[in-house]
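For ligands, and for the atoms within them, numbers begin at 1 and follow the listed sequence.
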Amino acid sequence: MPTERAVSPLPGTLKKLGVITAIRDTQLVEQSLLRTLAPILGVLETSLYRINGQQQVTHILHHSRTGTRDSDGAERISERIDAIRNETNLPEHIYMLIDNVRLLGQACHRSGPNGLIFCYPLRSGELQSGYLVFERGGKLTEVEDAVVTGVLQVYSNYYALLDSSQRDRLTGLHNRYAMEVGLDRLWEELSMQPSTAQTQARRDCYWLGVLDIDHFKQINDQFGHVIGDEILLLVSRVMGKTMRRTDLLFRYGGEEFIAIVEARDLEKAVQLFERLRKAVETYRYPQVGKVTLSGGFSMVTPTVLPKSVLERADRAMYEAKKAGRNRVFHYHTLLEQGVLQELETGSITLF
Ligand SMILES: Nc1nc2c(ncn2[C@@H]2O[C@H](COP(=O)(O)OP(=O)(O)OP(=O)(O)O)[C@@H](O)[C@H]2O)c(=O)[nH]1
């Protein structure tokens, strides 16, 4: 891996830390970290890994810079950030390096094809929450090492603060704000992808489901709010355990949850949401016994604004309540059946 001469780190680093800590979106903060460190270290590729809920190390972000020379001899650097969807299959040498850092509790390096591969831990309190990995020709100077360690500490503290502000205190799930940011981002990503019939057929679709616990007021009234809170926590855990690594679950508010899942087609999406419904229904809740939920879901597509996708799923969920609860309905199926009529608002005409 080629390297370039490292630039003097301190003034630029302080400026960039100011930029990082002004960002309110956790994914953009992660991207900004890699963009900040790569030129300071004079490296062309950096990777960020996180430890997920199942304690697995997952590759989440890769940043690369390519240097090219213009015809007039001037050097241009182009940057590229790839968000990697929770890749847990790491190359053996990276896995071993991260394992060393995990055991020793400090940054380590090992030889790589183009010099040395470095791994620095990200800390959340006493725990390691992730890793920064990069390769460069030679060792870091003391100043560079101190800069990387300091930037990572400020970044980790800021990330933890930002992340906790986007989580629901009771269940630990991401909250409504995080859901809205995440849905807007997903919608933008989908809008930017080329959409030919061929790519459309190959690509998985995203589906958004609104899931609402049935008769939750009765649970509160009969057993009290503390038990009500316990049910919210248990239902969120049962759903979380039933979902796949790539699925997302949010507490939207009160007794309402939102799931965003990837599925090839409607049949698969129905299966996923049905699995959630059944898991909640079959779990036996101490004191309360059986708890059920009703849900509605709709496809996330660039031709429909995010708030309208939510509205569609919500309307389907209300139909599930009306039909007797403990069921999950698909919005478009309800349209086809004539149970619901399309609302005019929210769909976008593409030219
Ligand atoms: N314990 C507890 N209760 C909550 C919380 N947030 C909202 N609630 C309660 O959730 C209940 C929701 O009641 P409703 O909106 O009438 O819905 P429901 O009883 O579930 O009825 P359906 O949705 O029609 O099946 C209200 O009594 C709220 O007070 C919370 O954080 N903890």
Side-chain angles (χ1 to χ4, degrees), residues 53 161-183 207-243 247-261 269-270 272-298 306-335 337 339-341 343:
L161 203 66
L162 201 57
D163 188 61
S164 75
S165 75
Q166 294 179 11
R167 281 190 190 271
D168 165 50
R169 278 175 175 246
L170 177 66
T171 59
L173 294 177
H174 278 110
N175 60 20
R176 181 181 182 142
Y177 173 76
M179 194 284 297
E180 286 169 354
V181 172
L183 182 58
W207 308 79
L208 180 144
V210 173
L211 306 157
D212 186 284
I213 301 178
D214 294 327
H215 298 305
F216 190 61
K217 186 172 178 313
Q218 277 177 25
I219 296 175
N220 271 333
D221 291 348
Q222 195 177 341
F223 302 98
H225 266 73
V226 174
I227 299 290
D229 282 356
E230 183 72 15
I231 296 297
L232 287 170
L233 181 61
L234 287 173
V235 166
S236 72
R237 286 200 181 148
V238 169
M239 284 198 282
K241 280 201 179 135
T242 313
M243 293 170 90
D247 299 336
L248 300 170
L249 183 64
F250 304 86
R251 185 174 176 202
Y252 195 55
E255 81 290 18
E256 201 164 73
F257 298 87
I258 289 203
I260 299 179
V261 303
V270 170
L272 291 171
F273 286 113
E274 267 301 304
R275 207 165 69 198
L276 284 183
R277 185 196 62 73
K278 274 207 187 104
V280 170
E281 184 192 18
T282 25
Y283 188 85
R284 281 298 156 259
Y285 301 82
Q287 303 195 43
V288 175
K290 182 169 161 177
V291 172
T292 61
L293 56 75
S294 302
F297 69 96
S298 189
K307 78 173 175 46
S308 303
V309 176
L310 259 171
E311 196 177 286
R312 289 176 170 193
D314 206 43
R315 289 181 71 203
M317 187 273 288
Y318 274 106
E319 288 306 318
K321 293 268 184 194
K322 268 177 30 195
R325 295 180 172 78
N326 192 21
R327 59 202 76 207
V328 181
F329 282 171
H330 172 230
Y331 174 77
H332 271 92
T333 307
L334 295 176
L335 287 186
Q337 292 167 346
V339 177
L340 284 177
Q341 271 73 52
L343 292 179

Heavy-atom contacts under 4.0 Å to ligand 1, chain-then-number order, include exactly Asp212, Ile213, Asp214, His215, Phe216, Lys217, Asn220, His225, Gly228, Asp229, Leu232, Arg251, Gly254, Glu255, Lys321, Arg325
Can you list the residues that meet the salt bridge (Lys or Arg N to Asp or Glu O under 4.0 Å) rule with Asp221, with sequence neighbours excluded? Lys217
Is the closest basic N to carboxylate O distance between Glu274 and Arg277 below 4.0 Å? yes
Is Glu230 close to Gln287 at the side-chain level, that is, under 4.5 Å between some pair of heavy atoms? no
Checking Phe223 now: which residues fulfil ring-ring contact (aromatic ring centres under 6.0 Å, His included) with it, not counting sequence neighbours? none
Partner residues of Tyr285 under the ring-ring contact (aromatic ring centres under 6.0 Å, His included) criterion, sequence neighbours left out: Tyr283
Is the shortest heavy-atom distance from the side chain of Leu334 to the side chain of Arg315 under 4.5 Å? no
